[in-house]
**Q** 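Sharing a structure here in structure tokens format.
Fair warning: this is a prediction, and the values are worked out from it, not measured in the lab.
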Amino acid sequence: MLERLKKFFPQAEPTHRVTPVAPLPPVSAAQFAELLNLFPIGSHINYCPKGQSSLLFNTLLIGYRINGIDVYSAADFSFDEQGRLLLKHSPSSVALDVLDTVCFIAPCDDQNASRLDYSRREELERFNLSESGNQLTVLGQTIGRKTPSVEARLNQTQRLLDGIFANQPVNLFALNVERLTFYDQRNYFRIQTRYPAELQPATGGDLIACDIRDFSESAAKLELITQADVPENLWEGRRVILSLLLNDQTLHIQGRILRREPSGHLVMRLEAIQQGDEFEPLSNLDAMGIKSQILQATVNQGLLSEPT
């Protein structure tokens, strides 16, 4: 039955030799139902080498590979009265209690690494993400305040032979569903504001006027005043400096662009603060002090805003 199904679903051929690795635990139909709900086909996902959240890449989940069968539509999944997974495709379907292998199918993006600054490109070279067997962490879309996270390994890089994504190179992320967890994206309480500031690349360049829309001890969301003036070099992972005036003193905070949101907002990770002529790691006490001052100014100057 499995061989008959493979005739109806597009397959792919490896683009390089695959290193044998130990099998991952099988996935029950119930576990897959939860996975499909948390990581729907067509959603954006982020991934990074395990334990290296600073090397975070974005991609698109275009399908699942189930026991070697590629499926690109949620309409091809259903569950029978016994809770078994049905892979639907005319003229037949197969019911599965246990799935031997489950993989995310995601397009390769060669530009991901080029968006990193020099130091992080060097860091990335140590992991060689294109090598089969590499351990990864994959993050889904935030639900409320929780973000689903699942451990995976790069199974293969392949070029699809046919189907709607024919000739497209893709990554296969083999999933360890037993390591499916959630984490609270907001480890710190954020304050909403419209506090004026300026942003520029750490390597130098023109100052860009912006508003801090929310601020926590670890990150800030920035709204650029004039979108047309945003330089192309403010890519994800770029090291930047945020400057703001607090109590008649200008503070310079260094960090990285975590992501550029569709709304045009930039989310910046806060990493260091200027002390004299040098940048020192931003301590929790430093961050709490800045947050307290922004909060007081926000209340006193009427800068409160709606959540973004």
Side-chain angles (χ1 to χ4, degrees), residues 1-12 14 18 20-47 50 59-107 132-158 160-165 170-184:
M1 178 67 72
L2 187 59
E3 293 302 320
R4 290 175 59 194
L5 270 175
K6 288 183 179 181
K7 296 179 181 179
F8 297 104
F9 290 87
Q11 300 299 304
V18 180
V21 290
L24 293 171
V27 180
S28 70
Q31 287 175 319
F32 179 74
E34 181 182 16
L35 188 71
L36 188 62
N37 182 57
L38 298 174
F39 295 88
I41 293 174
S43 64
H44 282 270
I45 56 177
N46 294 301
Y47 67 97
K50 185 177 178 181
T59 189
L60 184 69
L61 177 58
I62 62 172
Y64 282 83
R65 175 166 292 185
I66 309 296
N67 291 2
I69 301 170
D70 295 350
V71 182
Y72 299 100
S73 172
D76 288 323
F77 296 120
S78 64
F79 297 88
D80 64 14
E81 295 179 355
Q82 286 76 41
R84 298 176 301 178
L85 173 65
L86 299 173
L87 299 181
K88 300 188 298 182
H89 199 288
S90 181
S92 61
S93 62
V94 60
L96 300 171
D97 292 306
V98 176
L99 290 61
D100 295 326
T101 59
V102 176
C103 299
F104 288 154
I105 305 174
S132 295
N134 273 338
Q135 301 297 310
L136 306 172
T137 299
V138 183
L139 304 175
Q141 298 295 300
T142 300
I143 304 171
R145 292 177 54 176
K146 300 292 185 178
T147 300
S149 168
V150 63
E151 290 190 8
R153 68 180 178 217
L154 181 62
N155 201 20
Q156 294 175 339
T157 298
Q158 303 186 337
L160 296 172
L161 296 178
D162 51 22
I164 61 173
F165 298 111
V170 298
N171 287 322
L172 292 178
F173 300 145
L175 306 178
N176 184 351
V177 181
E178 292 186 355
R179 304 303 298 271
L180 175 64
T181 59
F182 291 86
Y183 79 94
D184 193 333

**Q** Let me see the working for Tyr47 and Leu139 under side-chain contact (heavy atoms from CB on, under 4.5 Å), right down to the final yes or no.
**A** CA-CA 6 Å; Tyr47 67 97; Leu139 304 175; over 6 Å; no
**Q** Using the ring of each side chain (for Trp, its six-membered ring), is Tyr64 parallel, tilted or perpendicular to Phe77, with breaks at 30° and 60°?
**A**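 Rings of Tyr64 and Phe77: perpendicular, over 60°.
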**Q** What's the spacing between Leu96 CG and Ile69 CD1 if we round to 0.5 Å?
**A**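 Reported to 0.5 Å precision, the distance equals 7.5 Å.
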**Q** Counting N and O atoms only, with roles assigned by atom type, does the side chain of Ser43 sit under 3.5 Å from a partner on the main chain of Leu61, one being a donor and the other an acceptor?
**A**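 No; zero donor-acceptor contacts below 3.5 Å.
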**Q** Counting distance only, does the side-chain N/O of Gln141 pair as donor-acceptor with the main-chain N or O of His44 below 3.5 Å?
**A**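 A pair under 3.5 Å: yes.
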**Q** Roughly how far, to the nearest 0.5 Å, is the CG atom of Leu85 from the CG atom of Asp97?
**A**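 The CG atom of Leu85 is 9.5 Å from CG of Asp97, to the nearest 0.5 Å.
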**Q** Considering residues at least two apart in sequence or located in another chain, which fulfil the side chain to side chain donor-acceptor pair (under 3.5 Å) criterion with Asn37?
**A**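 In terms of side chain to side chain donor-acceptor pair (under 3.5 Å), with neighbours along the sequence ignored, Asn37 is linked to no residue.
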**Q** How long is the span from the CD1 atom in Ile62 to the CD1 atom in Ile41, to the nearest 0.5 Å?
**A**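 The CD1 atom of Ile41 is 9.5 Å from CD1 of Ile62, to the nearest 0.5 Å.
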**Q** Rounded to the nearest 0.5 Å, what's the gap from CG on Asn176 to CG on Leu136? Could you check?
**A**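 CG of Leu136 is found 12.0 Å from CG of Asn176.
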**Q** Which heavy atom of Thr59 sits nearest a heavy atom of Pro107, and at what distance?
**A**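 So the two residues come closest at OG1-O, 3.2 Å.
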**Q** Suppose we screen for side-chain contact (heavy atoms from CB on, under 4.5 Å). Which residues come up paired with Ala174, at least two apart in sequence or across chains?
**A**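 Only Leu24, Cys103, Arg153, Asn155 meet the side-chain contact (heavy atoms from CB on, under 4.5 Å) criterion with Ala174.
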**Q** Please verify the inter-ring angle class for Phe32 with Phe79; under 30° counts as parallel, over 60° as perpendicular, anything in between as tilted.
**A**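 The rings of Phe32 and Phe79 sit tilted, inter-plane angle from 30° to 60°.
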**Q** Does a side-chain heavy-atom distance below 4.5 Å link Asp70 with Leu160?
**A**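 The answer is yes, as the side chains (C-beta and beyond) meet within the 4.5 Å cut-off.
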**Q** Identify the heavy atoms of Phe173 and Ala106 that sit nearest to each other, and give their distance.
**A**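 Nearest pair, atom of Phe173 first, then Ala106: CE1-CB, 4.2 Å.
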